Amino acid sequence: MAVERTLSIIKPDAVQKNAIGAILGRFEKAGLRIAAAKMLHLSRDDAGGFYAVHQARPFYGELCDFMSSGPVLVTVLEGEGAIAKNRDLMGATNPKDAAAGTIRADFADSIDANAVHGSDSAETAAWEISYFFGQREIFAH
Ligand code: IDP
């Protein structure tokens, strides 16, 4: 399997719960490496630009409010099959549907405050990584 990079965000609810270390530990235990990391408090415009693909969805406004409600930890995860592996670790979007042992089952409260974001394809990953990081901020292992 090819080595990939994917963008992960530990969302404001999980940062508030003091769960950054626990979540990063899950990535590392699963064989993913943290190739880049920064803590940010997104502006509403930052959040809106990042989620522009969801602009027409009814939850877009709430999503932008939530993502700019407190600090987040943005990381680039690197490893074999990193995009799908991260999605598996995250679990379903709605924590009620998330499999036991996934990050969302263990840390998320609701479909909007759902602990983590992860890129869903190679194209999305490339765009999302470039939204937050320059090449000199990402460290290959
Ligand atoms: P994903 O984060 O599992 O990839 P997406 O469908 O890409 O899910 O949605 C992006 C984010 O928008 C979700 O993580 C969640 O925070 C929020 N979201 C999605 N659907 C709903 C909804 O029906 N109500 C409120 N928020 C939603």
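Quick caveat, the model's predicted, so the values are computed rather than measured. In each ligand, atom 1 is the first atom listed, and ligand 1 is the first ligand listed. We number each residue from 1, following the sequence as shown.
Among all non-hydrogen protein atoms, the one lying nearest atom 15 (C) of ligand 1 is Ile111 O, 3.1 Å.
Of the possible donor and acceptor atoms, one in the side chain of Lys85 sits under 3.5 Å from a partner among the backbone N and O of Ala30. Between the side chain of Ser68 and the main chain of Leu42, no donor-acceptor pair closer than 3.5 Å is present. At least one donor-acceptor pair under 3.5 Å links the side chain of Tyr131 to the backbone N or O of Asp46. Using modelled atom types, no side-chain atom of Lys38 and backbone atom of Leu73 make a donor-acceptor pair closer than 3.5 Å.
Annotation: Val116 places no N or O atom under 3.5 Å from an N or O atom of ligand 1; distance criterion only. Residue Lys11 has at least one nitrogen or oxygen atom sitting less than 3.5 Å from a nitrogen or oxygen atom of ligand 1, judged on distance alone.
The side-chain heavy atoms of Phe139 and Ile34, taken from C-beta on, include no pair separated by under 4.5 Å. Side chains of Thr93 and Ile111 form a contact here, defined as non-hydrogen atoms less than 4.5 Å apart.
Atoms of ligand 1 found under 4.0 Å from any heavy atom of Asn114 (numbered from 1 in listed order, with element): 13 (C), 14 (O), 15 (C), 16 (O). Close contacts of ligand 1 with Arg104, meaning ligand atoms under 4.0 Å from a residue heavy atom, involve 1 (P), 2 (O), 3 (O), 14 (O). Using a 4.0 Å cut-off to heavy atoms of Thr93, the atoms of ligand 1 that qualify are 1 (P), 3 (O), 8 (O), 13 (C), 14 (O).
One option in Met67, His54, Arg87 has a heavy atom closer to atom 4 (O) of ligand 1 than any other, and that option is Arg87. With Phe59, Tyr60, Tyr51 as candidates, the residue nearest to atom 23 (O) of ligand 1 on a non-hydrogen basis is Phe59.
Within the 4.0 Å heavy-atom cutoff, Leu63 counts among the residues contacting ligand 1.
With a 4.0 Å cut-off on non-hydrogen atoms, Met90 does not touch ligand 1 at all.
Salt bridge Arg87/Asp120: absent, no basic N to carboxylate O contact under 4.0 Å.
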